[in-house]
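To start, the structure under review is shown below, and the notes come after it.
Keep in mind that what you see is a predicted model, and the values were worked out from it rather than measured. In what follows, chains are A, B, ... by sequence order, proteins preceding strands, each numbered from 1. Hydrogens, waters and symmetry mates play no part in the numbers below; they use all other heavy atoms, side chains included.
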Amino acid sequence: MAYTIQQIAAALGAEAFGAVDLEIDGVAEPAEATARHLALAMKPEYSDALGQGDALAAVIWEGADWQALGLRAAIVAPRPRYVMSGLTALLDPGQGWGTGIHPSAVIDPEAELAEGVSVGPLAVIGKGAKIGKDSIIGPQSYVGNDAEIGSGAYLREGVRIGARVVIGARFIAQPGVVVGGDGFSFVTPETSTVESARATLGDQGEADAQSWTRIHSLGSVTIGDDVEIGANSTIDRGTIRDTRIGNGSKIDNLVMIGHNVIVGNDCLLCGHVGIAGSTRIGNNVVLAGKTGVSDNIFIGDNVITGGGTIVLANIPAGRVMLGYPAMKMETTMEVFKGFRRLRRLFDDVSELKKTVSKPPHNT
Amino acid sequence: MAYTIQQIAAALGAEAFGAVDLEIDGVAEPAEATARHLALAMKPEYSDALGQGDALAAVIWEGADWQALGLRAAIVAPRPRYVMSGLTALLDPGQGWGTGIHPSAVIDPEAELAEGVSVGPLAVIGKGAKIGKDSIIGPQSYVGNDAEIGSGAYLREGVRIGARVVIGARFIAQPGVVVGGDGFSFVTPETSTVESARATLGDQGEADAQSWTRIHSLGSVTIGDDVEIGANSTIDRGTIRDTRIGNGSKIDNLVMIGHNVIVGNDCLLCGHVGIAGSTRIGNNVVLAGKTGVSDNIFIGDNVITGGGTIVLANIPAGRVMLGYPAMKMETTMEVFKGFRRLRRLFDDVSELKKTVSKPPHNT
Amino acid sequence: MAYTIQQIAAALGAEAFGAVDLEIDGVAEPAEATARHLALAMKPEYSDALGQGDALAAVIWEGADWQALGLRAAIVAPRPRYVMSGLTALLDPGQGWGTGIHPSAVIDPEAELAEGVSVGPLAVIGKGAKIGKDSIIGPQSYVGNDAEIGSGAYLREGVRIGARVVIGARFIAQPGVVVGGDGFSFVTPETSTVESARATLGDQGEADAQSWTRIHSLGSVTIGDDVEIGANSTIDRGTIRDTRIGNGSKIDNLVMIGHNVIVGNDCLLCGHVGIAGSTRIGNNVVLAGKTGVSDNIFIGDNVITGGGTIVLANIPAGRVMLGYPAMKMETTMEVFKGFRRLRRLFDDVSELKKTVSKPPHNT
């Protein structure tokens, strides 16, 4: 589908210059752009690359001279990353699925599908499930009994939504997402080795083996509006009450959210993040890739962690954390520097011990 | 479904007091309980919350005075977490699937389904597969050729069991579980950079690039009785013999068990645990979230690891471990304390060096 | 299926000795071998185990005396691990699926399937998808619109390939693989707390909450020839250009490859590896289990990481790295040694401070 530079600028609320009737079919990096592409050259370092490609039009940085860059038309982006949002939304071709209910889908007669709902081939929708207006249930996806999904949802292929899960509007789930698996909660008849190790931090010696008995999950999962979940991520049901994800939170691939966890609004949880049972995460929290969070703790609003952080204790609001164990980022950066000088430190101390233990010179 | 307090106490083998004919429909946290809920108030700190909710009956801690708590009936739980097990099993509504074989399932005529087996919509069961009595094969699940699943299994939606996998009784698999993917085992024609790095710990410089050739997995996976596996976890086939999971072991979400691994009985492997090829794990081992274990090593019985532990060497039985690298928990706790004082240590040593190198005072 | 020792040796290009017409049905570890097994005894330490089993024939190490080992026939393997490759390929019974297009598969009339393609039950193939010669699309798998898969592909059950993904020849995907989920890319209208924390490394205090707006993925994923991907791993689409995986690279289970990432040729990425957006990985790189790599960095050719390594900065070619943060393996090994002596170091320094601050002896 073709757009004029003028149309694109208008959709973005940005300013257009030059031959604004020029048509483009898509976007490209500057060096790879053809004459039908809008090049994305939103930083001065892309000037040269523009010359290598064939773009006639580009999105350029504020203050750039589009004519000097050899362009025939340009859109100026005051906050480039934000412009990317509007631009890519406009040009996204999507998965290209048709609309309507595919005849191979298995939909319980007691499921309720609102107007405009599409269901892909070989999807399953259970008894009592409710799907909101204009939602798209992808091929081979599953929506369990009495689950509720709001309007405008977009489930990619092979998504699994368990029984009684409740999800708000505009939900996006990438392929393989699982919402509503049972929580991982087991108990032994007598005090277990884990419980006693937690109490004592000591070794277990010859502890008597015991078998684990299952605590079933009676709660479900409640997810707010505007939530997105990445491929093959899993969110478990709560034990008594629901596990909860707030409005506007975005979850990346292969993330694990344990039972009873509460994630606030507008959080970003990156790839391989794991949050153990009953932990509470505030609003606007950003956990970088591979961050792990212990069970039954609390992370305040606006907390940010760096990649690989292992959180073993509560974090107050506003902290930026890094490391194993999680410490303030500046502390961990000091520790990391210390690692590189650690051998030398041992040598220095060893030297000092020799010097100090020497008998004083006769004077 | 409604139960009387008396029925519940009997099912739990616990003692009931007061109006034991009172009926409840479900359980709830004390502050959120209605008059038809059994409140779970198994610790003294829940006293106040009981007053905020409307529960007439509760499970209370040993020694609690149920009448003083304003209740009309009570069940006393000597070991509260264990009572949770019986209580949640009793009240679990499950996924609400019907019984029988759904007509959309694709079942090979040479598969053997014992009495009482249910198969959900769009499931696939291969040639020669054997499914034990009363097992439930969830919607869109797959059971491969010649795979055997014992009685009373419960496979949630989209579970994949590969060819020739053998599983004991009462198996539970959460959505998206994969048992029987091929092992990750590759070899180069000549000694690879990895092999030489393992031998020397040194850098590789300009090593010649080589391509990887696949070692196929001829073994399968053998799983004992009473095993549960969490959502989207994966267990690979063995190379020559089977990968093995012992009786009673419980595996959380997004866990990775490599080829040839042996996991003993009654282990708990929490979210994001990864165990590399050919490693052996004893009985009653508990690996906390994000624990990683190297290939070809051994972890003894009753070992416990803390969250994020990276195990690079064998661990003797009974140890409680934490950290990267895994060390005894008390050692790692000391190291973590040391991190916070590391900068100061460098400063102290620097100060000492200055002091000591000063010429002695003239005396 | 039975093979003679002669046939196997010929297939492996190895030398056979003794009763080379002896037939075997499969391979086994020495102690578990029956008379119809070829025992795998490729190191001297297996001599005793050979005696415990009933094997008449074995693959033995170079220089071994097969007659003294009590065998009737033997194959000598100059590089045992490499011989495993040929041997297991020869004997792999596979999943046992039939050929042809299963009638329950949903294949768009505008999809193009080359000669010899098999499609399993309940698979879905979208409009404009192209599947190369002799490829096998497993049960319940999905191939999106306009996706292209080369010849000789082998997709296990429940694999998801998104729209417009392009994959070379001989692709192998284990169950639950997702290629072509949308990238995890979000932006706030104003500078976000993450951006400012990256700039300052400082805490966020009472930062204003903002909601995240989605940057859509317009790129797709391009995968070279001879690539294998493990169970439930995920590879995201690029934002503008494609995410790319080079020829011959092998990816284990539960691995996460972010948007715009470029992985070179002949890499090995082990279980739970995560690579964040826009990072470039060279050729012949080996990342051990649970290695995490930050976004927007570069890892040179022939780099190797140890288990659990967290890479926060570029790594030059040829380095062997370990630790959090990633450092040269020898440096990290020193640091790990230092951890065990850290408490003592603190004690020593504390002692030194006391000694040094003492008034000098009267002399």
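- There is no contact between C/Ala105 and chain A, counting heavy-atom distances below 4.5 Å.
- When heavy atoms are compared at a cutoff of 4.5 Å, A/Leu269 approaches chain C solely by way of its backbone atoms N, CA, C and O.
- The part of A/Val286 that comes within reach of chain C is its side chain, from C-beta onward, which places non-hydrogen atoms under 4.5 angstrom from that chain.
- For a residue to count as touching a neighbouring chain, one of its non-hydrogen atoms must lie under 4.5 Å from one of that chain's; by this rule C/Val165 does not touch chain A.
- Heavy atoms of C/Val311 lying under 4.5 Å from chain A are absent altogether.
- Residue A/Tyr154 qualifies as enclosed at atom OH: its count of foreign heavy atoms under 6.0 Å is above 12.
- Side-chain contact between A/Asp252 and C/Met256 is present, with heavy atoms from C-beta onward closer than 4.5 Å.
- A salt bridge does not link C/Arg160 with A/Glu157: none of the charged nitrogens is closer than 4.0 Å to a carboxylate oxygen.
- Contacts of C/Leu122 with chain A are made by both backbone and side-chain atoms, with heavy-atom separations under 4.5 Å.
- Between C/Arg214 and A/Glu228 there is a salt bridge, with a side-chain nitrogen of the basic residue lying less than 4.0 Å from a carboxylate oxygen of the acidic one.
- The six-membered or imidazole ring of A/Tyr82 lies away from that of C/Phe186, with a centre-to-centre distance of 6.0 Å or more.
- Contact record, A/Gly307 with C/Ile310: O-CG2, 3.8 Å, taken as the closest heavy-atom pair.
- Proximity to chain A is limited to the backbone of C/Thr291, based on heavy atoms less than 4.5 angstrom apart.
- Looking at A/Lys250, both its backbone and its side chain come within 4.5 Å of chain C, counting heavy atoms on both sides.
- Judged by distance alone, with hydrogens and angles left aside, the side-chain atoms of A/His272 form a donor-acceptor pair with the main-chain N or O of C/Leu254 at under 3.5 Å.
- Atom CZ of A/Arg340 is separated from atom OG1 of C/Thr331 by 7.5 Å, given to the nearest 0.5 angstrom.
- Both the backbone and the side chain of C/Thr188 have a heavy atom closer than 4.5 Å to some heavy atom of chain A.
- Proximity of a side-chain donor or acceptor of C/Glu334 to a complementary backbone N or O of A/Arg343 within less than 3.5 Å is not detected.
- At a 4.5 Å heavy-atom cutoff, the contact between A/Pro175 and chain C is made by backbone and side-chain atoms alike.
- One finds the CD atom of A/Glu29 at 7.0 Å from the CG atom of C/Asn260 (value rounded to the nearest 0.5 Å).
- The main-chain N or O of A/Asp266 is found under 3.5 Å from a side-chain atom of C/Trp212 such that the two form a donor-acceptor pair.
- The ring-ring contact (aromatic ring centres under 6.0 Å, His included) test with A/Phe339 is passed by exactly one of C/Phe336, C/Tyr324, C/Phe339: C/Phe339.
- Contacts of A/Asn253 classified as side chain to side chain donor-acceptor pair (under 3.5 Å), with partners at least two apart in sequence or in another chain: C/Thr234, C/Asp236.
- The two residues A/Asp92 and C/Ser217 make their nearest non-hydrogen contact at OD1-O, 4.2 Å.
- Listed by sequence position, C/Gln140, C/Ser141, C/Tyr142, C/Asn145 are the residues of residues 140-147 of chain C in contact with chain A, using a 4.5 angstrom heavy-atom cutoff.
- Closest approach of A/Pro93 to C/Leu218, counting heavy atoms only: CD-CD2, 4.2 Å.
- Contacts of A/Leu352 with chain C are made by both backbone and side-chain atoms, with heavy-atom separations under 4.5 Å.
- C/Lys290 touches chain A through its backbone: at least one of N, CA, C or O sits under 4.5 Å from a heavy atom, while the side chain does not.
- With a 4.5 angstrom heavy-atom cutoff, C/Arg164 touches chain A only via side-chain atoms.
- Proximity to chain C (any heavy atom under 4.5 Å) is restricted, for A/Ile172, to the side chain, taken from C-beta onward.
- Neither the backbone nor the side chain of A/Ser233 has a heavy atom closer than 4.5 Å to any heavy atom of chain C.
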